[in-house]
Amino acid sequence: MPKRKASQLETGPDSTNLRRSTRRRSQLVPSPAAEVDASSATSTTKRMEKKEKEPKLQKVVEKPQKETNKAPPKSQAKPTKPAKTSKPALETGKNATKAESSEKSYWLMKAEPESRFENGTDIKFSIDDLASRTEPEPWDGIRAYAARNNLRSMKKGELAFFYHSNCKEPGIVGTMEIVEEHSPDVSAHDPKAPYYDASSKPEDPKWSVVHVKFRSKFAQPIGLKELREFGKPGEPLENMQLLKQSRLSVSRVSPAEWEYLMSVVNQRGGETQ
DNA sequence: GCCAACGTTGGC
DNA sequence: GCCAACGTTGGC
């Protein structure tokens with residue numbers, strides 16, 4: 001099931017996200033070229049078999065498209081440690097950006113743990129659902145460029161928070177690991193899938209998934225309310241993307257933010273596996 | 001179910 | 001390229 005309908009901030013070059021706009025242009029333009037966004041333009045598109053039924057769980061095996069990750073590894077990963085004063089000049093230039101891109105990123109992904117139907121399918125997906133999986137889970141259903149670009153920036157081995165949204169107790173409930181980098185989200189091509197997108201063509205996929213694996217569940221979740229407390233001016237999470245762009249379903253977490261949150265977790269019962 | 005925030009559409 | 005209308009997200 002879709003992890004979450006991605007959201008806002010279509011920074012993508014093409015910004016044609018017809019899916020939910022009722023104001024759609026007369027038709028879903030069939031022209032493939034028109035839908036391409038810069039980053040996936042080369043699309044390569046390997047497989048184009050569209051599986052009709054079963055909305056998910058196919059572990060797509062195609063090789064990742066070669067596209068440049070648009071999303072700049074910006075989040076100022078403030079290197080609290082690597083304060084190297086020795087060779088500052090040398091690194092400044094390339095390292096300014098390089099340091100960040102070579103550093104591991106962290107992420108936060110939202111899913112809805114309570115039942116809700118989209119295109120006839122229940123999209124509910126909780127941390128427990130993930131924990132019960134025996135195979136890598138494709139994080140599908142993302143239909144917003146900003147979120148998709150974040151997916152495409154994820155590297156194998158990186159970690160992400162699992163966030164419960166649109167529910168009674170919104171908040172971070174656990175962690176997962178990126179076990180397979182991005183590949184086309186074939187669910188977009190299935191008319192029966194919750195987040196079918198007629199504008200995405202199998203031969204030129206517009207959306208992406210990454211595959212994730214359960215890592216841990218927190219003994220006690222960190223609620224949105226608390227997150228906001230930690231996000232007040234001067235507080236550790238004051239720049240957290242989740243709080244700045246609340247509608248973004250896949251966001252970046254800086255190493256400092258990650259460490260801070262994990263320290264909070266460890267102060268209250270830690271994690272279970 | 002309400003509604004604030006914010007993104008998109010599309011006429012001009 | 002502006003901007004009013006409108007749609008979606010997601011907390012409450």
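None of these values were measured; they are calculated from a predicted model. Every chain is numbered from 1 and lettered A, B, ... according to where its sequence line falls, protein lines coming before strand lines.
- Note: CD1 (Ile142(A)) to P (dT8(C)) measures 17 Å, nearest angstrom.
- The CG atom of Leu224(A) sits 17 Å away from the P atom of dT9(C) (whole-angstrom rounding).
- For the pair Asn166(A) CG and dA5(B) P, the computed distance is 18 Å after rounding to whole Å.
- Remark: P of dT9(C) and CG of Leu242(A) are 16 Å apart, rounded to the nearest angstrom.
- For an aromatic pair to be called close, the ring centres must be under 6.0 Å apart, and Phe162(A) with Trp139(A) satisfies this.
- Using a 4.0 Å cut-off between charged nitrogen and carboxylate oxygen, Asp185(A) and Arg143(A) count as a salt-bridge pair.
- Gln245(A) places its CD atom 9 Å from the P atom of dC6(B), with the value rounded to the nearest Å.
- In this structure, Glu169(A) atom CD and dC12(C) atom P are separated by 10 Å, rounded to whole Å.
- Contact annotation: Tyr163(A) reaches the phosphate of dG11(C) (side-chain N/O to OP1 or OP2, under 4.0 Å).
- When rounded to the nearest whole Å, the span between OH of Tyr145(A) and C1' of dT9(C) equals 18 Å.
- Within 6.0 Å of the CD atom in Glu169(A), the count of heavy atoms belonging to other residues, nucleotides or ligands does not exceed 12.
- For the pair Lys244(A) NZ and dG11(C) C1', the computed distance is 19 Å after rounding to whole Å.
- Using a 4.0 Å cut-off between charged side-chain N and carboxylate O, Lys156(A) and Glu181(A) make no salt bridge.
- Under 4.0 angstrom from either OP1 or OP2 of dC12(C) there lies at least one side-chain N or O belonging to Arg228(A).
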